[in-house]
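The structure under discussion appears below in the form of structure tokens.
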Amino acid sequence: MTNDLLRVRDLKVSFATDGGVAKVLDNVNLTIGRGQIVGLVGESGCGKTTLARSILGVLPKNSARLESGTIEFDGTDLLKVDPNILAANVRGRRISFIPQDPFSSFNPVFTIGAQIMDLMKWKSPELDDSDAARSGWLPRFHGSRRRKADYERVLKLLRLVQLPDPESVLKKFPHEVSGGQRQRLMIAMALLPEPKLIIADEPTTALDVTIQAQILKLLRKLATDHDISVLFTTHDLGTAWEICDSITVMYAGQEMEAASSEGFFKRPSHPYTNRLLKSLPSRDGGISGIPGDIPGLVNPPPGCRFHPRCEYATEVCQQTRPEVTPVGVGHAVRCYHPVAEEKRHALA
Amino acid sequence: MNVDAPSAPRRTQVNERTILDVRQLTKHFAVRNAFGFQKGVLRALDDVSFTVDKGEILGIVGESGCGKSTLGKTIMGIHQPTSGDLIFEGNDIAGQTPSAARETRRHLQYSYQDPGASLDPRWKIRRSLHEPLVIHHGSLGYDEREERVRAILQAVGLPAGHLDLYPHEISGGQQRRVGLARILTLQPSLVVLDEPTSGLDVSVQATILNLLLDLRKQFDLTYLFISHDLSVVRMICNRIAVMYLGKVVEFGEIEAVFETPRHPYTRSLLSAIPEIGGARVTDTFTLEGEPPNPGNLPSGCRFRNRCPMVQPRCAEIEPELRADWPGQEAACHFAA
């Protein structure tokens, strides 16, 4: 038994598209320790959501293909487990999900209370694993006593996520509550099954800064109090700094750098992460983007996928993808030419 | 020194550099029930006054629903103001006739939040870029238009080959460049930029911001920069107006507002921005609650329900902007 809750190793996922096979994840590694908040940072189209969905096992069936790799969760390879067991006992119970968009994630024609109580028919922590697996896709209809316990649990959690007047919120329809409150409800729903890992897919992107600060504060507190690990995908490095214990940066389907939050912002070592940090608006007005465009994934550049835009690229970068190279304690980069100390764009 | 009558205190001085003078601009929307009867008023803009100087970038910030886009659209004439004046280059443009408004629009342009959605998906980029010239400069022939379009396209950093592409064939950053090119073909003097970088990745955002700064120099532009991203505003703007529920609560030089915010709302807003290397917002942020419904505002100061320094007086009297600090004004009874 190691200290890591989740270990993704050499995961390769491709999608069939009209233009050919898109290699969306190319031998990606990711590690999440117990009780850790791990930030998965990258620009749009870099594969963060695909990675999150692979862990949840909800990739689109007819276009996605898992080519190779392992997703080890709590000592078991999720890719080898019977999908029915996975659906009954892991997805939504051990691993739960907070979506990006709290606006479209509720059914508009049912009250919030009905939707949350509905969830408890399948994913209540009162159910044990064999129960859930036996009932399959059928809901577990259970006695009024258990139902009452579930209701109490829901109310307790709504208080925990600091929703004012939880009993009346449960009677409301989704359009009657604000975006920030809906995101709080989503967090409460993710916490209900008492999961070990929460996958939060850009949970604050749709929110205003003041609400974002409140939600981040809440998420951090809950994760610490309940000893839950969080995989937090974001494109905003500022948010990652706020909440994450460690950070993995992805670019075009490859992970580029993984480090503790401190180490990452103090000693960014990959040329891409340095360019990314230089793209952030700064007080002195100096700002530079990254020249060129994100490559297409059907015919990605061979070797390191960043090499066409990289100022340090040499011949070897075009041919083979660099191995994971440690550059410090708990700090690894996939690069032949890590940025030297004096040239780093450190922000912390 | 007040220019107008005492009942209409001027908060900013009009001088020869003023290009746009917004005076007590008010926009109310009627809230109607299913039968069309008015059941209330949504005060999207309430008594907003400020001036924009030629060549500056004025940032307008605030959370969603605070009226920043309504302000931009009312200035553009997309919404008719309920009351108030808009003096643009010396002429009152509030409540103009459509033909006069078209004339104004040559000099005053609006860049939409999502240029991908504002480009016709069935038109090639060329046709989209020709269109404003066809409308406003009907006398120009095709070749003259094409020449202008190509020059502008080069200025926004796109290859001429892109003229033959459709909007879906280019990336989000390039769509924004096309959106800017479309506006610049008319050689405007003031451009209202509505969230010009929202939804872009940071590396693309950086190139668009640099492009905006270049274009301002090259075409002698003035920007009204509507954004909710305060770190971008700090980098690019000269002055800033902070809005909360249809009111400007703080106005001033960018450095003054960011270094010494006077209004408690501005303070909370600034403290909510994640700052890499600084104190973590999750440890320091204290503002509770969410903005109230703009259709049902509290009496007195609109921020009082969330304000950490609220006092009984705040519920009775609505604070006005006070110009008590050099280069900075705030609408709070107790700001010091």
Side-chain angles (χ1 to χ4, degrees), chain A residues 41-46 162 164 177-181 204-221 235-243 251 261 264-266 272 275-294 309 346-348, chain B residues 61-66 170-174 197-211 213 227-236 244 254-255 258-259 265 268-293 306:
Chain A
V41 184
E43 299 181 273
S44 39
C46 74
Q162 294 152 17
V177 299
S178 67
Q181 289 194 353
T204 60
T205 311
L207 305 173
D208 281 317
V209 269
T210 56
I211 311 296
Q212 165 176 299
Q214 292 171 359
I215 296 287
L216 290 179
K217 200 172 170 179
L218 177 73
L219 207 54
R220 196 189 176 91
K221 182 174 178 300
H235 66 268
D236 179 8
L237 286 158
T239 321
W241 156 262
E242 285 299 327
I243 190 167
Y251 174 79
S261 190
F264 178 79
F265 287 108
K266 272 202 181 115
Y272 171 65
R275 294 306 299 241
L276 205 57
L277 290 168
K278 266 187 214 160
S279 306
L280 294 174
S282 64
R283 279 187 193 182
D284 52 30
I287 180 171
S288 63
I290 306 178
D293 285 317
I294 293 171
R309 302 170 80 186
L347 288 179
Chain B
V61 300
E63 294 176 278
S64 38
C66 74
I170 59 178
S171 68
Q174 289 173 334
T197 61
S198 75
L200 292 180
D201 285 314
V202 278
S203 64
V204 185
Q205 168 175 297
T207 55
I208 294 286
L209 288 176
N210 282 333
L211 174 69
L213 290 173
S227 177
H228 66 273
D229 189 336
L230 287 140
S231 43
V232 169
V233 166
R234 172 165 210 170
M235 198 202 100
I236 194 170
Y244 186 73
I254 199 89
E255 279 307 311
F258 274 86
E259 290 303 325
Y265 176 65
S268 325
L269 201 59
L270 293 180
S271 73
I273 319 171
E275 194 182 333
I276 295 169
R280 284 203 165 78
V281 169
T282 43
D283 299 332
T284 57
F285 188 72
T286 51
L287 188 68
E288 298 282 331
E290 295 175 18
N293 175 4
R306 301 169 78 193

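A, B, ... follow the sequence lines: proteins, then strands. Residue 1 opens every chain.
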**Item:** chain B contact via A:Gln181 - side chain, backbone, both or neither, heavy atoms under 4.5 Å
**Value:** both
**Item:** Part of A:Ser44 lying under 4.5 Å from any heavy atom of chain B
**Value:** both
**Asked** Would a distance-only check, ignoring hydrogens and angles, find a side-chain to backbone donor-acceptor pair under 3.5 Å from B:Asn210 to A:Ile287?
**Response** yes
**Message:** What's the separation between atom CG in B:Leu200 and atom NE2 in A:His235, rounded to the nearest 0.5 Å?
**Reply:** 9.5 Å
**Item:** Structural part of A:Thr205 lying under 4.5 Å from a heavy atom of chain B
**Value:** neither
**Request:** Select, from B:Glu288, B:Glu275, B:Gln174, B:His228, the one with the greatest count of heavy-atom pairs under 4.5 Å involving chain A.
**Result:** B:Glu275
**Message:** Rounded at 0.5 Å granularity, tell me how far CG in B:Leu270 sits from OG1 in A:Thr210.
**Reply:** 11.5 Å
**B:Ile236, part contacting chain A, at a heavy-atom distance under 4.5 Å** = neither
**Under 4.5 Å from a heavy atom of chain A, the part of B:Gln205 involved** = side chain
**Asked** Any idea which heavy atoms bring A:Ser279 and B:Ala206 closest together, and the distance?
**Response** O-CB, 3.7 Å
**Request:** Would you mind checking which part of B:Arg280 comes under 4.5 Å of any heavy atom in chain A, side chain (CB onward), backbone (N, CA, C, O), both or neither?
**Result:** both
**Asked** Minimum heavy-atom separation for B:Phe285 to A:Gln214, with atom names?
**Response** CE2-CG, 3.9 Å
**Prompt:** Shortest non-hydrogen contact from A:Val209 to B:Ala272?
**Reply:** O-CB, 3.7 Å
**Prompt:** What heavy-atom pair brings B:Pro274 and A:Gln212 nearest, and what distance separates the two atoms?
**Reply:** CG-NE2, 3.8 Å
**Request:** Considering only heavy atoms and a distance below 4.5 Å, find which of A:Ile243, A:Ile211, A:Thr239 pairs most often with chain B.
**Result:** A:Ile211
**Request:** State, yes or no, whether a side-chain contact exists between B:Ile276 and A:Leu280 at a heavy-atom distance under 4.5 Å.
**Result:** yes
**chain B contact via A:Leu237 - side chain, backbone, both or neither, heavy atoms under 4.5 Å** = both
**Request:** Quick one: which of A:Lys221, A:Lys217, A:Arg275 has the most heavy-atom pairs under 4.5 Å with chain B, could you say?
**Result:** A:Lys217
